[in-house]
There are 2 protein chains.
Amino acid sequence: MATRERPRRVTIADVARHAGVSTTAVSKVLRSAYGVSPAMRERVKAAIEELGYRPHAAARAMRGRTFTIGVLLPDLRNPFFPDILDGLSEQLAGTDYQVIMVQGGPDVTAETRAIDALVDRQVDGILMIAPRVRRVRLEDVAAQMPTVVLGLHEKSALYDVVHDDDELGAELVVRHLIGLGHRRIAHIGYTPGSRERAVGVLDAIRAETYARVMREHGLQSQIAVARAAYTEEAGYRGARELLERSPRPTAIFAGADLAALGALRALHEAGLSVPADVSLAGYDNTRLAALSSISLTSVDQDGAVMGRTAGRLLLERIEGRTSSVRFSVTPSLVPRRSTGPPAPEA
Amino acid sequence: MATRERPRRVTIADVARHAGVSTTAVSKVLRSAYGVSPAMRERVKAAIEELGYRPHAAARAMRGRTFTIGVLLPDLRNPFFPDILDGLSEQLAGTDYQVIMVQGGPDVTAETRAIDALVDRQVDGILMIAPRVRRVRLEDVAAQMPTVVLGLHEKSALYDVVHDDDELGAELVVRHLIGLGHRRIAHIGYTPGSRERAVGVLDAIRAETYARVMREHGLQSQIAVARAAYTEEAGYRGARELLERSPRPTAIFAGADLAALGALRALHEAGLSVPADVSLAGYDNTRLAALSSISLTSVDQDGAVMGRTAGRLLLERIEGRTSSVRFSVTPSLVPRRSTGPPAPEA
DNA sequence: TTGAAAGCGCTAACAC
DNA sequence: GTGTTAGCGCTTTCAA
């Protein structure tokens with residue numbers, strides 16, 4: 001530790017002494033608990049103000065609440081997540097709760113570490129966005145603290161789930177492409193790893209739905225999936241892989257806008273134009289998709305509503321609810337200029 | 001609190017009992033401190049493994065370290081920040097340190113709250129990215145814990161600073177535009193608020209440099225600044241404001257790529273093409289700028305290096321360094337298709 | 001080399 | 001309505 005003299009923090013004892021009351025009284029005022037006279041409340045509040053006192057979260061964590069909500073974010077680069085965080089913050093505004101975030105990273109090991117970090121820091125509630133760890137691990141966490149999982153469809157007795165109707169969303173995209181006349185429609189998404197969960201995650205559902213709708217239209221022989229995470233880089237590699245096939249797809253459905261941007265880069269590099277040579281669709285309807293020079297067909301899911309709901313469910317659980325809840329938002333297709341009819345076969 | 005039976009956490013006492021040693025011994029093993037025999041170390045390690053023990057960060061915070069680095073992020077949507085975080089994580093990989101992030105939000109009040117949250121949670125070190133709070137506040141925090149500030153140029157005796165050479169970067173852009181033949185070059189950036197710091201912040205420096213270079217080329221009468229934060233929305237509004245002027249600028253230098261994207265949206269809406277009608281340049285050289293359909297001229301600054309350096313400086317301070325350090329990276333211009341010669345005057 | 005015990009700042013049960 | 005006090009899980013003297 002640095003040896004420089006660090007000013008001692010103002011503690012509850014300092015406030016008590018300054019106000020001429022007991023520490024209990026101060027603690028009660030802080031938590032707006034019963035059993036304090038208005039006069040005492042005023043004196044304590046004045047002392048807190050004068051001394052610039054703030055509760056020490058770590059000390060609080062030893063006994064009661066930390067007034068902290070922990071969020072697991074899989075990837076800082078995905079522009080859809082800020083929408084969720086905005087919703088969460090909105091729901092938490094006006095409460096004493098603070099949000100802290102950890103980044104999950106690329107593999108399950110990193111994600112596990114990130115989740116542990118939140119648990120070890122004794123947050124009052126935890127929101128996991130599209131976690132990849134196994135279900136047992138989630139239930140293990142949920143048994144210890146109020147938990148909401150976003151992006152998972154499987155219901156659990158221990159935690160709440162908030163998700164988009166990914167089946168509907170994926171179906172809208174694939175039907176849209178088929179409706180435009182495409183048959184060789186490929187998909188980029190869903191990478192299962194060895195220690196990861198394989199079912200019920202949003203990307204798995206989008207990929208399965210893609211395959212199902214293709215089969216329903218007699219296009220099972222055209223099914224082509226490039227397994228890739230929802231990142232720009234993976235989308236790029238996925239598209240390159242798909243473009244090597246012969247004949248190449250006339251349309252690509254990327255499971256996320258971020259992956260679609262990577263695919264777009266690959267398409268440009270290959271000298272292909274969108275949608276004349278290849279149609280491209282994403283998912284999430286991020287602000288980037290709406291940019292006129294990109295104009296990406298995408299699926300809109302209301303991230304702010306999901307974030308708000310997750311926040312509300314967490315607060316409810318913190319207040320004592322133990323039954324579990326499932327909340328789903330309905331997505332809608334936003335067609336833009338990146339999709340169009342396929343070029344007539346040569 | 002929820003009333004459901006929560007499983008009690010495994011504590012150091014459980015480990016001690018299981019291994020048949022004292023809690024002191026366990027604590028020493030955990031911190032790899034002196035005074036434990038190899039035999040005891042092994043027994044303790046085995047017990048930790050068997051019981052799945054993890055240290056309780058909150059309890060640790062009461063006495064020693066939390067092994068946590070706190071990061072203040074002004075805005076989750078700015079695609080440049082993940083580069084910094086990648087560098088930081090890389091530097092911290094292999095140590096026991098975990099990164100937690102808080103979002104600063106739009107105003108100084110929100111940012112102050114976010115910083116307080118980190119301080120109250122007793123992180124071992126704090127990295128503030130482009131903070132807007134006053135200098136006193138920064139020094140107040142730095143007096144309490146190891147602090148590194150990113151994006152501020154002013155040196156302090158209490159904290160380290162890591163920044164890009166924003167003067168050079170802005171100069172490169174403005175000279176580039178002048179070199180192309182532009183004279184009516186406008187700038188989007190730098191919004192000072194009432195309670196905010198007004199000097200030494202990266203956006204202020206970019207704005208000042210823009211004005212200086214304009215003057216140096218005898219273009220002081222052409223100086224036009226739309227005051228806006230580095231967000232998409234603010235960039236959009238800033239560009240709209242600039243386009244209302246008559247005659248309108250032939251080139252716009254946005255202080256950040258994110259703001260440039262907003263400006264791009266405004267330009268498209270106004271039916272103007274880039275660069276034929278208006279040239280557009282950004283700053284940060286984010287991946288989006290490189291996208292072929294955007295192809296934005298920008299300034300590259302190495303975020304990963306800044307993040308790594310910030311991490312190294314924090315670890316050094318945690319280990320006891322008290323002298324303060326300043327680290328600067330050198331930016332370079334990346335010209336792309338969004339800038340070109342101005343259209344000949346009608 | 002080992003362990004007993006004090007105490008970090010706070011909350012909550014309890015006594016007054 | 002108010003204050004006393006026993007811990008929460010850990011680190012750190014200090015004594016054995």
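Note that the structure is predicted; figures quoted are calculated from it, not measured.
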Nucleotides bounding contact with chain B, strand DNA chain C, heavy-atom threshold 4.0 Å
C/dT1 to C/dG9
Rounded to the nearest angstrom, tell me the gap between atom CE in A/Met62 and atom P in D/dA6.
17 Å
Spell out, as yes or no, whether a donor-acceptor pair under 3.5 Å connects the side chain of A/Arg41 to the backbone of A/Lys28.
no
Check whether any side-chain N or O of B/Arg9 sits under 4.0 Å from OP1 or OP2 of D/dC8, and answer yes or no.
no
Could you state the atom-to-atom distance from CZ of B/Arg65 to C1' of D/dT12 in whole Å?
14 Å
Are side-chain heavy atoms of B/Gln91 and B/Thr309 found at a separation under 4.5 Å?
no
B/Leu92 side, atom CG; B/Arg312 side, atom CZ - distance, nearest 0.5 Å:
13.0 Å
Closer than 4.0 angstrom, basic N to acidic O: yes or no for B/Asp116 and B/Arg137?
yes
B/Arg63 CZ to D/dT13 P: how many Å, rounded?
8 Å
Atom-to-atom span, CD of A/Glu42 to P of D/dT2 - whole angstrom:
13 Å
Categorize B/Thr11 for me: base, sugar-phosphate, or nothing, with a 4.0 angstrom heavy-atom threshold over every strand shown.
sugar-phosphate
Nucleotide D/dG9, atom C1' - distance to CZ of A/Arg121 in whole Å
15 Å
Below the 4.0 Å mark, does D/dT2 have OP1 or OP2 next to a side-chain nitrogen or oxygen of A/Tyr34?
no
Please check: side-chain N/O of A/Thr23 versus main-chain N/O of A/Ala13, any donor-acceptor pairing under 3.5 Å?
no
Rounded to whole Å, please give me the gap between NE2 in B/His56 and P in D/dC8.
12 Å
Salt bridge present between A/Arg9 and B/Asp120 (N-O < 4.0 angstrom):
yes
Note: for B/Phe67 and A/Val21 on DNA chain D, the residue whose nearest nucleotide lies more 5' is A/Val21
Any base atoms under 4.0 Å from B/Thr24, or only sugar-phosphate, or nothing? Heavy atoms, all strands.
base
Partners passing ring pair (Phe, Tyr, Trp, His ring centres under 6.0 Å) against B/Phe67 (at least two apart in sequence or in another chain)
B/Tyr97
How close or far is atom P of D/dT11 from atom CZ of B/Arg60, stated in whole angstroms?
5 Å
